[in-house]
Amino acid sequence: MRRLGSTRRTGRTRSRATGAAAGAAALAALAALTAVPAQAHEPERRVPHWELKDTGTPDVRFRGLAAVSRNTAWLAGTGGTVLRTADGGTTWRNVSPPGAAELQFRDVEAFDARRAVVLAIGEGEASRVYRTDDGGATWTESFRNTDPKAFYDCLTFFDHRHGLAMSDPVDGKFRILSTRDGGSTWKVLPDEGMPAAQDGEAGFAASGQCLVASGPKDVWLATGGAAHARVLHSADRGHTWTATTTPLPTGDPARGVFALAFRDRTHGLAVGGDFTPGQPSPDAAAHTGDGGRTWRPAATPPPAYRSGVAWLPHSRTAALAVGPTGTDLTTDGGRTWRTVDTGSYDTVDCTPYQGCWAAGEKGRVARLEH
């Protein structure tokens, strides 16, 4: 979408759970974010919190984030910047693709510490995909858009081979790009199974989470900017789609669903609102229990626009949402949210190994510390 300073789990390949104990510990850690501080006569408590990690890039805004583990994470941002850490954020290695300084990276999907795919957004040839197999030492440009009407926003992967990328509508329909070899090659899918787009409808390249997958075939696409904020769902890796209206704010180019997260093929979260600074964003979150066929508004939504959302691994009910004005926690599957931090972040990602990361403007990156 031609917004958010340009004028995505959600589907990222991850290992299975290492055990219920790790999940319980992580859930307790997030719940403790809202714990009452210890009194003077009580022993000092170590309350979990976002701990900022110095990336040395104060001029970069990171909207692309891939958490591999508690120690390893990838970042993608403005100025063609890609960073990687392998020591929990103590140090960051600049692994940006050569010649990419004019590009805006908005999404990164990482399979492990060495293999990752990044998406650059923009009109025409500004939309590109790069892949690395050696931790960013070398990159291959695997896709460059040649259609001036296309504008790619997000990408996602079902596994280490199969993935999709989405573009704003071209000739009245969202365009889907597909790979079957881990992002080494791509092809545009036929659009016969894609519903018609609304006037002004598009995706938001805000956090790399406007296109997310869960399981081997299910994928969801978030929209805004039109009369209705919708979520489109495909159960066959992007060949056919159905569209559902959500209760999130709409009717303006700055409003809609900005991010999605599915913990399985039925339970999902949607967050968004109005990204215009200072504008209210009532009803900026919704949840589904039927794979996106219906969406219910949060009874107590986040207090402002949110651009990123992630489920806490091993939990059926806990998730985090982030935006420029703070971080919110739900412990009841998205029905109610409460603010637990007021720092500015655009995107959030969690791994099965108690590693939750967030990233945003002015080079801000943080890891949840216990």
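- Rounded to the nearest 0.5 Å, atoms OG1 (T156) and CG (L119) are 11.5 Å apart.
- Taken together through direct or relayed side-chain contacts under 4.5 Å among Ile, Leu, Val, Met, Phe, Trp and Tyr, V129 and V170 form parts of separate hydrophobic clusters.
- Here the side chain of R364 pairs no donor or acceptor atom with the backbone of T55 at under 3.5 angstrom.
- Counting heavy atoms from C-beta outward, W74 and T132 have side chains that approach closer than 4.5 Å.
- The closest donor-acceptor contact from the side chain of T250 to the backbone of A226 lies under 3.5 Å.
- Within the 4.5 Å cutoff, the side chain of L232 has heavy atoms near those of the T223 side chain.
- The closest side-chain heavy-atom distance from F151 to I121 is below 4.5 Å.
- When side chains are defined from C-beta on, P97 counts as touching V82, because their heavy atoms get closer than 4.5 Å.
- Evaluation of the salt bridge (charged side-chain N to carboxylate O under 4.0 Å, His left out) rule for D133 yields R131 as partners, not counting sequence neighbours.
- Side chain of D107 to main chain of L155: a donor-acceptor pair is present (N/O by atom type, distance under 3.5 Å, no hydrogens or angles).
- The side chain to side chain contact (heavy atoms under 4.5 Å, CB included) check on T85 picks up A73, D87, W92, W357, with sequence neighbours excluded.
- In D134, the CG atom is crowded: over 12 heavy atoms of neighbouring residues, nucleotides or ligands sit closer than 6.0 Å.
- A donor-acceptor pair is defined here as one N or O able to donate and one able to accept, closer than 3.5 Å; such a pair exists between the side chain of R263 and the backbone of R316.
- The line from OG of S307 to CZ of F204 is 11.0 Å long, rounded to the nearest 0.5 Å.
- Contact of the R338 side chain with the T331 side chain is registered, since non-hydrogen atoms from C-beta on lie closer than 4.5 Å.
- Partners of D147 according to the salt bridge (charged side-chain N to carboxylate O under 4.0 Å, His left out) rule, which considers only residues two or more places apart in sequence or in another chain, are R175.
- S315 places a side-chain N or O within donor-acceptor distance of the main-chain N or O of A318, the cut-off being under 3.5 Å.
- Residue L368 holds its CG atom at 8.5 Å from NE2 of H49, rounded to the nearest 0.5 Å.
- Listed for the R255 side chain is no donor-acceptor partner under 3.5 Å among the backbone atoms of D252.
- Counting heavy-atom neighbours within 6.0 Å of R180 CZ, excluding the residue itself, gives a total of 12 or less.
- Between L75 and F105, the closest side-chain pair of non-hydrogen atoms is not below 4.5 Å.
- No side-chain donor-acceptor contact under 3.5 Å links D328 and T330.
- R306 and T325 share a donor-acceptor pair across their side chains, judged by distance under 3.5 Å alone.
- Evaluation of the side chain to side chain contact (heavy atoms under 4.5 Å, CB included) rule for P297 yields P247 as partners, not counting sequence neighbours.
- Side-chain atoms of T347 never come within 3.5 Å of backbone atoms of A359 as a donor-acceptor pair (strictly under, hydrogens ignored).
- In this structure, T78 OG1 and Q104 CD are separated by 6.0 Å, a value rounded to the nearest 0.5 Å.
- Between L189 and L164 the shortest side-chain heavy-atom distance falls below 4.5 Å.
- Side-chain contact annotation: N94 with S96, donor-acceptor N/O pair under 3.5 Å present.
- A salt bridge does not link K217 with D236: none of the charged nitrogens is closer than 4.0 Å to a carboxylate oxygen.
- Between Y345 and W50, the ring planes are tilted. Angles from 30° to 60° get that label.
- Side chain of S234 to backbone of T240: a donor-acceptor contact under 3.5 angstrom is found.
- Atom CZ of F174 is separated from atom OG of S167 by 8.5 Å, given to the nearest 0.5 angstrom.
- Within the structure, every pair that satisfies the salt bridge (Lys or Arg N to Asp or Glu O under 4.0 Å) test and touches residues 221-234, not counting sequence neighbours, is listed here: E201-R230.
- Contact record, G135 with V95: O-CG1, 3.4 Å, taken as the closest heavy-atom pair.
- To the nearest 0.5 Å, atoms OG1 (T179) and CZ (F158) are separated by 11.0 Å.
- Within the 4.5 Å cutoff, the side chain of T288 has heavy atoms near those of the W295 side chain.
- Taking the six-membered ring for Trp and thresholds of 30 and 60 degrees, H233 and W220 have nearly parallel ring planes, at less than 30 degrees apart.
- When atom types are taken as modelled, the side chain of S69 and the backbone of N71 share a donor-acceptor pair closer than 3.5 angstrom.
- For the pair R367 (side chain) and R70 (backbone), a donor-acceptor distance under 3.5 Å is present.
- Residues passing the salt bridge (charged side-chain N to carboxylate O under 4.0 Å, His left out) test with D218 are R265, sequence neighbours excluded.
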